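Heads up, the thing below is written out as C-alpha cells.
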2 protein chains.
Amino acid sequence: MPASPVRKPDPAGALAIVAGTGELPRMLAEECRRRKRPYLVVIFEGIRLSWAEEHPVVPAVFEKPGKLFAALRRAGCTQVTFAGGVRRPRLSPMRFDLKAIRLAPLLFRAMRSGDDTALRIVSEIFEAEGLSIVGAHRLLSHLIARPGVLTRTQPSDADRQDAARAAAIVQALGQVDVGQGAVVAQGICLATESIQGTDAMLDFVARTGAPFRPDPEGANGVLLKAPKPGQDWRTDLPAIGPQTVAAAHAAGLAGVVVQAGGVLILGEAETIARADQLGLFLWAREP
Amino acid sequence: MPASPVRKPDPAGALAIVAGTGELPRMLAEECRRRKRPYLVVIFEGIRLSWAEEHPVVPAVFEKPGKLFAALRRAGCTQVTFAGGVRRPRLSPMRFDLKAIRLAPLLFRAMRSGDDTALRIVSEIFEAEGLSIVGAHRLLSHLIARPGVLTRTQPSDADRQDAARAAAIVQALGQVDVGQGAVVAQGICLATESIQGTDAMLDFVARTGAPFRPDPEGANGVLLKAPKPGQDWRTDLPAIGPQTVAAAHAAGLAGVVVQAGGVLILGEAETIARADQLGLFLWAREP
C-alpha cells in the first residue's frame with residue numbers, strides 16, 4: 001500500500017519582511033511584488049521608510065509582539081525575513097502586551113547581547129510562532145557577490161595585501177561577535193566596524209585616517225566587508241551599495257573589497273558605475 | 001684557580017629616551033634627573049615636545065640612523081627606551097645616510113607592519129648597535145596599575161560585565177596586532193581602538209555612541225585598556241592619565257578599566273582625583 005502523500009508547507013505563503021533602514025528591505029518587497037508572492041512589510045515604531053507607502057505595511061511596536069504575530073497569522077505569513085539596519089529599541093515594560101510579558105526574559109537578554117545572539121533570540125521567538133526564518137540572501141541570491149574584480153580599476157598588489165590583513169582583522173573581530181568590516185591602508189588598521197555601522201566607520205576614517213598612512217604616495221587603503229565567521233546567514237548578511245562606494249571614496253580609499261559569496265551588492269550595476277566613475281575598484285575576494 | 005671576575009655592563013650607563021607624544025617620555029626624563037642617571041631625550045623630526053627644553057635633547061631624523069647612533073655612542077648610552085606615541089614616518093630615501101641604506105629593507109618592512117612587528121624591528125636595529133632595550137614599565141614600575149578600584153565611585157555589576165566583554169574584544173583584536181582598547185556599553189561594542197589612539201576612539205564614541213545604548217537609563221559603558229596578548233612589554237605598554245578620564249567622561253562613559261599589572265597610570269593621584277571629581281570609576285581589573 002503506498003504511503004499517503006505528505007503535505008508540504010506551502011512555500012508560497014506570505015512573506016513578512018521585517019524592515020530596517022537601507023536598500024535591502026525595499027529590494028525584497030519589490031522582488032515579492034514582481035514574483036507575485038504575497039508579502040507584508042513590518043515596520044517597527046521609530047523607523048521611517050518613505051518607499052514603503054507603495055507596499056502593504058504592518059506597523060509594529062517592540063513591546064507588543066502578540067499583536068504583531070496575530071496580524072501575521074491573519075495575513076497567512078509562513079516565512080519571515082529580517083532586512084536592513086534596526087537600532088536596538090528602548091523597551092518600555094509599561095507597554096508590554098501579554099506575549100511580551102511572557103517573553104520578557106528573552107527580550108531583555110536579546111537587548112544586552114551581541115548582534116548575532118540578539119538576532120538568534122529574535123529568530124527563535126518568531127520560529128516559536130510557526131514562522132520560518134528565511135535569509136534575504138536566499139530571496140535575493142542573485143545579489144550575492146560573485147568572485148572577481150567588477151570594475152575597470154584593478155586592485156594593486158598593495159591593495160591585495162591590505163585586503164588580506166583587513167580580512168584577518170574582521171575574522172578576529174567576528175569571533176567576539178563585533179562588526180563586519182575594517183579599513184586597512186598600507187598594513188595599518190585605520191578602523192574597525194562597531195554597531196554604528198559602515199558609514200560611521202568610513203566617516204571616522206575620512207576625518208582621522210589620512211595622517212596615519214605611512215607613505216603619502218602609497219596605497220590609499222581598502223574597506224573590506226565580510227560576514228562574521230559562523231554567523232547565522234539567515235539574518236544579518238552584510239550588504240554594500242552605491243552609497244558605500246561613495247563613502248569609501250570620501251574616506252580617501254582605493255577601493256571596496258567584499259567577501260565573494262558572503263556579501264550582498266545592492267544595485268550592482270549602479271554600484272559598479274559609481275566606482276568606475278570615482279576611480280575605485282570593487283573586488284569580490286575569495287576568502 | 002678561581003675564574004677571573006666577569007665584567008658586567010654598567011647598568012648606570014646613559015639612557016636614551018626615544019620620545020613621542022604624551023606624558024610618558026616626560027615622566028621618564030624627570031625620573032632620570034631625580035635619580036641622577038645620565039640620559040638623553042631623542043626627538044625625531046616632526047615631533048614637538050614643549051617640556052623637553054629643560055632636558056638634554058638629541059634631534060634625530062628617521063632617514064639618518066647612523067648619525068643618531070653616533071650621537072648616542074658619544075653620550076655613553078647603554079640603554080634605550082621607547083615612550084609615547086610616534087606616528088609612522090614618511091621616509092624620504094633621498095635623505096638616507098649610509099646606515100639607513102643598509103637597513104632599508106628592514107625599515108620599509110617596519111613601516112608596513114602592525115605596531116608590534118614594527119617595534120620589534122626597530123628594537124632589533126637598536127640592539128644591533130649594542131644598546132639594550134628597556135621598557136618604560138621597568139623604569140617606571142611604580143606607575144603600573146595595581147589591582148583594585150581606585151576611586152570612590154565603584155563599578156556596578158553591569159559595568160563589570162561590560163568590562164569583561166571589552167577585555168575579550170581587546171584580546172581578539174590583539175591577536176591580529178590591532179589596538180589596545182575598546183568601549184562597551186550594555187554589552188554593545190561602541191568602538192575599538194585603531195592606530196589613531198584612545199582619544200580619537202573616545203571622540204568617535206562621544207559623537208556617535210549614545211543612541212546605540214539599548215537602555216538610556218542603563219549602564220553608560222566603559223573604556224577598557226589592556227596590553228595586547230603576547231606583546232613585547234619592553235616597548236609599547238598602554239598608558240592612561242587624567243586626560244583619558246576626562247575624555248571618557250566626555251564620551252558619556254561610567255568609568256575607565258585598565259588591566260592590572262599591564263597598564264601605566266601616569267599621574268595616578270591626579271587621575272584618581274579627576275575621576276572622583278567627574279563621578280567616574282577607575283578600576284584596575286585582574287585579567
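Chain naming here is simple, since letters A, B, ... match the order of the sequence lines and numbering starts at 1 in each. What you are looking at is a predicted structure, and each value in this text was computed from that prediction instead of being measured.
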Legend entry - Contacting region of A:D203 [heavy-atom separation from chain B under 4.5 Å]: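 For A:D203, the side chain is the part near chain B, not the backbone.
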Legend entry - Residue part contacting chain B, namely of A:I195, when any heavy atom lies under 4.5 Å: both
Just by modelled atom types, is the [Y] backbone N or O under 3.5 Å from a matching donor or acceptor in the [X] side chain?
| X | Y | answer |
| --- | --- | --- |
| A:Q259 | A:A284 | no |
| B:D162 | B:A219 | no |
| A:R213 | A:N220 | yes |
| B:E63 | B:S92 | yes |

Is it the side chain or the backbone of [X] that comes within 4.5 Å of chain A heavy atoms, both, or neither?
| X | answer |
| --- | --- |
| B:I169 | both |
| B:R165 | side chain |
| B:L190 | both |
| B:Q196 | both |

Leading residue by heavy atom contact count with chain A [cutoff under 4.5 Å; candidates [options]]:
| options | result |
| --- | --- |
| B:L91, B:D215, B:L173 | B:L173 |
| B:A200, B:P216, B:A168, B:A182 | B:P216 |
| B:C189, B:G187, B:A172 | B:C189 |

Legend entry - Salt bridge present between A:R95 and A:E45 (N-O < 4.0 angstrom):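 Yes, A:R95 and A:E45 are salt-bridged.
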Inset, instruction - Kindly compute the distance separating CZ (A:F281) from CD (A:Q154), expressed to the nearest 0.5 Å. - result: 9.5 Å
Inset, instruction - Begin with the C-alpha distance, continue with both residues' side-chain angles, and end with the deciding distance and a verdict on side-chain contact (heavy atoms from CB on, under 4.5 Å) for A:I47 and A:L49. - result: CA-CA 6 Å; A:I47 295 174; A:L49 302 174; 3.7 Å; yes
